[in-house]
Amino acid sequence: MSEKKSQWSSKLGFILASAGAAIGLGAIWKLPYVTGQSGGGAFFLIFVLFTLLIGLPMLLSEYILGRGTQSEAVTAYKKIAPTKTGWAWVGRMGVLGCFLLLSFYSVVGGWIFIYSGLGVTGAVIDPSVDPSELFAKIVGTPWITLLGLGLFTLVNVLVISLGVQNGIEKANKWMMPLLFIMFIVLVVRALTLDGAMEGVKFFLWPDFSNITGKAILEALGQSFFGLAVGFSCLVTYSSYLKKDVSLPNSAGSVVLLTVLVSFLAGLAIFPVVFAFDLEPASGPGLLFTVLPTAFSQMPLGEIFLAMFLLLFLFATLTSSFSLYEIIVAAFMEKGRMSRSALTMLLGVVVFIAAIPAALSSSTLADVSIFGKTIFDATDFLVSNLMLPLGNLLIAIFIAYVVDKEFVKKELLIGSQMGQGFYSAYRLLMLIVVPFVIIVVFVNMLLQY
């Protein structure tokens with residue numbers, strides 16, 4: 001059976017897989033430190049608004065394209081616009097974007113893998129260990145980062161090789177609920193610390209004096225990154241979806257879960273940051289330096305930290321599964337290699353491509369691209385350039401190229417939503433979504 005005929009075994013399986021694609025580094029790792037660097041509550045509010053008004057319609061758009069064509073990303077565009085072959089490059093750009101994203105995403109996944117191993121031994125919250133120094137040592141030691149990268153890549157290869165139901169769906173069904181449980185435990189503990197309310201105020205009270213054009217771009221990029229839209233990953237995921245599943249309900253559930261996890265991430269991190277007088281704008285290392293401090297104050301902290309790090313690893317993996325799947329599905333369409341062989345080959349290529357980013361804090365620390373390290377430059381290219389561009393092209397495609405009746409049918413089939421919902425969605429996709437993306441994108445280009 002060809003991979004495009006595979007299906008999720010249930011609606012819940014699809015929602016958890018889609019949520020798993022969205023809930024990963026974007027919500028748990030990136031949002032807290034970007035929020036810290038961009039002024040706190042005002043940034044989070046803008047992020048939520050973008051997620052609801054821009055991210056949700058884009059999520060629905062990818063669902064419509066995938067479920068409607070029952071095809072992976074590249075083929076989906078070809079089927080809808082067979083005489084306009086240029087649009088297939090939107091799918092190809094998505095495949096390239098996922099590959100580039102994996103080239104630095106896997107590096108962070110490797111850091112988490114190493115931290116998970118150290119967490120089991122209790123070494124992360126050893127009283128004699130300074131969390132900041134430990135993080136610097138891990139990211140600054142070549143063999144450690146490459147070991148973590150290799151382990152993270154290997155797990156992805158093993159799961160993706162098993163297929164949609166037996167690999168991706170089964171992994172998400174037990175990883176995601178456990179993640180929520182541990183998040184709630186951490187939030188409760190964080191909110192009971194002395195001085196925690198200052199962190200809550202920083203995270204939730206909107207102060208727009210610190211908001212800049214760059215921060216608004218970051219918020220838009222974060223909403224795309226957090227929902228995994230723009231690279232057509234969810235075109236591929238939804239191509240495995242049955243026709244009787246409501247797309248609005250599924251998309252709404254994914255958005256709700258993503259915003260909830262982002263909210264919990266902020267409540268877990270910022271109260272601790274302020275309770276221990278740490279720096280909220282400390283950058284990508286924020287999570288790795290704050291968590292050990294939080295858990296060291298908890299009874300049985302070693303056990304809770306080890307569990308949380310493992311579950312954080314699970315969340316990171318569920319997102320990377322979607323990145324691997326869009327690439328594997330695109331090449332499987334050609335029918336030249338089996339899923340397992342193709343996945344193993346891709347794992348090797350991703351590992352090699354990720355080496356420069358992995359070494360950007362050590363051996364290649366002096367290498368600069370437009371004033372950024374290789375890791376930061378790749379992150380910027382993907383999150384701030386390719387994701388907005390990908391979303392803009394998808395928005396134009398579904399609003400101005402795809403047949404309106406096709407869109408309406410796929411949007412409403414299996415759903416209780418009516419004409420009013422479709423009209424609101426179409427208005428957003430025709431005018432609001434492209435306009436906002438263009439304005440923010442142009443503003444960004446003028447700043448650099």
Side-chain angles (χ1 to χ4, degrees), residues 23-48 51 108 111-112 115 119 124-125 127 129-132 134-135 178-211 215 218-219 222 226 256-313 315-316:
I23 298 168
L25 292 186
I28 302 173
W29 168 67
K30 194 172 184 181
L31 180 74
Y33 87 75
V34 174
T35 301
Q37 291 176 329
S38 304
F43 176 86
F44 184 71
L45 177 61
I46 294 172
F47 157 73
V48 172
T51 300
V108 184
W111 298 346
I112 301 167
Y115 261 85
V124 178
I125 57 175
V129 175
D130 180 274
S132 298
L134 177 63
F135 178 70
L178 286 172
L179 178 69
F180 274 94
I181 293 171
M182 280 307 300
F183 243 134
I184 292 172
V185 171
L186 181 59
V187 168
V188 170
R189 181 64 187 108
L191 293 177
T192 59
L193 294 170
D194 291 336
M197 289 303 106
E198 287 299 315
V200 174
K201 180 180 178 181
F202 173 82
F203 177 52
L204 297 180
W205 184 260
D207 178 5
F208 289 94
S209 63
N210 292 321
I211 292 297
E218 290 279 7
Q222 181 62 36
L256 178 62
L257 290 174
T258 302
V259 171
L260 177 59
V261 168
S262 300
F263 176 73
L264 291 175
L267 288 184
I269 296 297
F270 291 111
V272 179
V273 170
F274 280 81
F276 293 95
D277 198 27
L278 301 173
E279 175 53 59
S282 58
L286 179 63
L287 199 63
F288 297 99
T289 57
V290 167
L291 276 180
T293 303
F295 280 105
S296 67
Q297 306 298 313
M298 295 175 62
L300 304 176
E302 296 90 345
I303 296 175
F304 281 112
L305 177 60
M307 291 176 64
F308 181 80
L309 286 172
L310 287 171
L311 294 169
F312 183 28
L313 175 62
T316 309

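Under the side-chain contact (heavy atoms from CB on, under 4.5 Å) criterion, Ile184 pairs with Val188, sequence neighbours left out. Residues forming a side-chain contact (heavy atoms from CB on, under 4.5 Å) with Leu256 (at least two apart in sequence, or on another chain): none. Among residues two or more places apart in sequence or in another chain, the side-chain contact (heavy atoms from CB on, under 4.5 Å) test is passed with Pro271 by Ala190, Leu191, Ala196, Val200. The side-chain contact (heavy atoms from CB on, under 4.5 Å) test applied to Ala275 returns Leu193, not counting sequence neighbours. Considering only residues two or more places apart in sequence or on other chains, Phe44 meets the ring-ring contact (aromatic ring centres under 6.0 Å, His included) condition with Phe47, Phe203.
Rounding to the nearest 0.5 Å places CG of Leu186 at 6.5 Å from CD1 of Ile269.
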I would like to know whether Val108 and Thr316 meet side chain to side chain contact (heavy atoms under 4.5 Å, CB included); could you show each step before the answer?
-> CA-CA 9 Å; Val108 184; Thr316 309; 5.9 Å; no
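What you find for Leu309 and Tyr115 is that their closest heavy atoms are CD1-O, 3.2 Å. For the pair Gly195 and Phe274, the tightest heavy-atom approach, listed with the atom from each and the gap, is O-CB, 4.1 Å. Residues Phe263 and Leu204 approach most closely at CE1-CD2, 3.7 Å, considering heavy atoms.
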